Amino acid sequence: MSITVPAPDPELAAGLDGPLTVLDLDGTRLPSELLDPHLRDIDEHALTNLYVDMVRVRRLDTEAFALTRQGQLVLWPPLLGQEAAQVGPARALGEQDWVFGSYREHGFALLRGADMGEFARIWKAYAHSGWDPREIRMAPSQIIIGAQTLHGVGYAMAAKMDGADEVALTTFGDGATSEGDVNEALVWASTFQAPVVFLCQNNQYAISEPVHVQSGVPLALRPTGFGIPSMRVDGNDVLAMHAAARIAFDRARAGDGPTFIEAVTYRRGPHTTTDDPKRYRDEAEVEAWIAKDPIDRVERALERMGANMEAVRAEAKIRADQLAKEFRAAAEHAVPPVADEIFDNVYAQPTRRLERQRLEHRAFVSSIEGAK
Ligand SMILES: Cc1ncc(C[n+]2csc(CCOP(=O)(O)OP(=O)(O)O)c2C)c(N)n1
Ligand SMILES: [Mg+2]
């Protein structure tokens, strides 16, 4: 028996022949019929802002990595290499929109306005969610792979029922697309035409598992089977990512339902600070992706536009150093939680069983303290 895979519907998927790109590696602009109309307002000033955002995000990442090595944070999942994939879409969000992401979305957290003190508490294991999700309209970091896509779709369905002008952006990794949760989320989003944007940051690995082991087809093809249109985008090109996100948000706001964006990018660092990627991937592969660096590419583009790069770099450095200093101080001064409080937020009304556990826990803590 032979099975023929049907050709992808070009109406449903863009960029399957090669990720959609508008900024070439040398900083020249490549024409894109699909994306260009959504970038008309991006002048030198706007591109500089995106550049500074990416530099700040990278600096936060570098600082957090160092703080983990110094024992100030307990864990950090680095995003080095994925700055454009986050900054482009984050800057396309409306203030009223929501983000439902994983544990690697430091760029989104920063640009949504997460307080650095609250943010640091998460990675010191002092808090499940440092920030107040309602305040910055970003759900707590999700560790259960793909679960946030269901939360995002649920939120978007409710927003539609309420007639609210809100879009949910849910962001996840390549590995997550193999999870049941993500596939269920695609079904619900498609069936209810929910105003949701799926952003898959395909950083080529699910811990040590390369993406080709997970899927024989581009990930952008997967949602098309659910009737959800998708775009495969150069995830190291902040302009392409920004334009694709704008298209997806516009569709959602116009009542045209969900869109899927596959950001083709690369995780240059380890999966987390407890991982050693040298055990499963070749350094030459990393080098090849360094050549596609998302920040260098914008520097070259700005140079071509005639920007005073010395001044731009200096400004970006001042702002990035300021952020790193703020984050370091926050990590160093974070106050650990009182263990007893863990019982306060389980139920609105405490149960007798819970109260008993609280007393047992207190007795346990004083037994250790007494033994000291
Ligand atoms: C449901 C579930 N299964 C397994 C894990 C363990 N786990 C943590 S990260 C990860 C890989 C996820 O890869 P991907 O979706 O590509 O995201 P990335 O870490 O590359 O950003 C796995 C399997 C988990 N956290 N949740
Ligand atoms: Mg991945």
Side-chain angles (χ1 to χ4, degrees), residues 1-10 12-21 25 77-86 88-89 101-105 143-149 170-186 198-226 228-237 240-241 244 259-272 274-294 297:
M1 186 178 81
S2 76
I3 297 172
T4 328
V5 178
D9 181 348
L12 274 182
L16 292 181
D17 299 338
L20 303 170
T21 310
L25 295 187
L79 60 62
L80 178 65
Q82 295 178 226
E83 296 85 355
Q86 295 194 13
S102 81
Y103 41 79
R104 208 184 293 285
E105 326 300 1
I143 305 285
I144 304 166
I145 303 302
Q148 72 275 21
T149 56
T170 180
T171 173
F172 48 95
D174 42 288
T177 63
S178 302
E179 285 284 350
D181 279 4
V182 175
N183 288 270
E184 288 159 21
L186 292 168
F198 292 91
L199 169 61
C200 172
Q201 292 175 61
N202 176 2
N203 63 7
Q204 311 300 324
Y205 286 90
I207 312 186
S208 56
E209 194 87 338
V211 67
H212 65 82
V213 178
Q214 302 232 11
S215 180
V217 297
L219 299 181
L221 204 48
R222 287 184 161 177
T224 64
F226 297 86
I228 296 178
S230 81
M231 289 173 272
R232 191 159 179 260
V233 184
D234 184 334
N236 285 21
D237 176 349
M241 286 303 302
T259 309
F260 186 105
I261 299 170
E262 177 192 351
V264 181
T265 181
Y266 192 77
R267 187 197 83 216
R268 272 160 48 189
H271 172 69
T272 67
T274 60
D275 171 49
D276 175 10
K278 289 198 181 74
R279 295 177 71 145
Y280 55 82
R281 72 183 189 191
D282 201 349
E283 276 302 290
E285 189 184 284
V286 183
E287 291 297 320
W289 280 91
I290 291 175
K292 298 184 200 173
D293 186 75
R297 203 185 289 199

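Only a predicted model underlies this, so the values are computations on that prediction, with no experimental measurement involved.
- Residues Phe172 and Gln148 meet the side-chain proximity criterion, which asks for heavy atoms closer than 4.5 Å.
- Of all the heavy atoms in Thr170 and Thr149, the pair that sits closest is OG1-CA, 3.3 Å.
- Residues passing the ring-ring contact (aromatic ring centres under 6.0 Å, His included) test with Phe226, sequence neighbours excluded: none.
- Rounding to the nearest 0.5 Å gives a distance of 5.5 Å between CD of Glu209 and CD of Gln214.
- In plain terms, the two heavy atoms of Ala84 and Pro89 that are nearest each other are O-CD, 3.8 Å.
- For the pair Ala185 and Phe198, the tightest heavy-atom approach, listed with the atom from each and the gap, is O-CZ, 3.8 Å.
- By the 4.5 Å heavy-atom criterion applied to side chains, Thr272 and Tyr103 are not counted as neighbours.
- Closest non-hydrogen pair, Gly235 versus Ala263, comes out as CA-CB, 4.0 Å.
- Exactly one residue among Lys278, His271, Arg279 makes a side chain to side chain contact (heavy atoms under 4.5 Å, CB included) with Asp275. That residue is His271.
- Within the 3.5 Å criterion, the main-chain N or O of Pro78 finds a donor-acceptor partner in the side chain of Arg104.
- A distance of 11.0 Å separates CG of Leu79 from CZ of Arg268, quoted to the nearest 0.5 Å.
- Tyr266 meets the ring-ring contact (aromatic ring centres under 6.0 Å, His included) test with Trp289; sequence neighbours excluded.
- Contact detail for Ala220 and Leu16: the closest heavy-atom pair is CB-CD2, 4.2 Å.
- Other residues, nucleotides and ligands place more than 12 heavy atoms under 6.0 Å from the CG atom of Leu25.
- Using a 4.5 Å heavy-atom threshold, the side chains of Gln201 and Arg267 count as separate.
- Side chain of Asn202 to main chain of Gly173: no donor-acceptor pair is present (N/O by atom type, distance under 3.5 Å, no hydrogens or angles).
- In this structure, Arg222 CZ and Thr177 OG1 are separated by 4.0 Å, a value rounded to the nearest 0.5 Å.
- For Asn236 (side chain) and Lys292 (main-chain N/O), a donor-acceptor pair under 3.5 Å exists by modelled atom type.
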Practice task
Starting from the C-alpha separation in whole Å, work towards a yes-or-no answer on side-chain hydrogen bond (donor to acceptor under 3.5 Å, both in side chains) for Asn203 and Thr265.
Solution key: CA-CA 5 Å; Asn203 63 7; Thr265 181; over 6 Å; no

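- Side-chain contact between Val264 and Gln204: present, with at least one pair of heavy atoms (C-beta onward) separated by less than 4.5 Å.
- The CZ atom of Arg232 sits 14.0 Å away from the CD1 atom of Ile261 when rounded to the nearest 0.5 Å.
- Closest approach of Leu219 and Pro223 over heavy atoms only: O-CD, 3.2 Å.
- Looking only at distances, a side-chain donor or acceptor of Glu83 sits under 3.5 Å from a matching main-chain atom of Gly81.
- Looking only at side-chain heavy atoms (C-beta outward), Arg297 and Asp234 come within less than 4.5 Å of each other.
- Counting non-hydrogen atoms of other residues, nucleotides and ligands closer than 6.0 Å to CG of Asp276 gives a total above 12.
- Atoms CG and OG1, on Leu199 and Thr259 in that order, are 11.5 Å from each other to the nearest 0.5 Å.
- Between Pro19 and Val233, the closest side-chain pair of non-hydrogen atoms is not below 4.5 Å.
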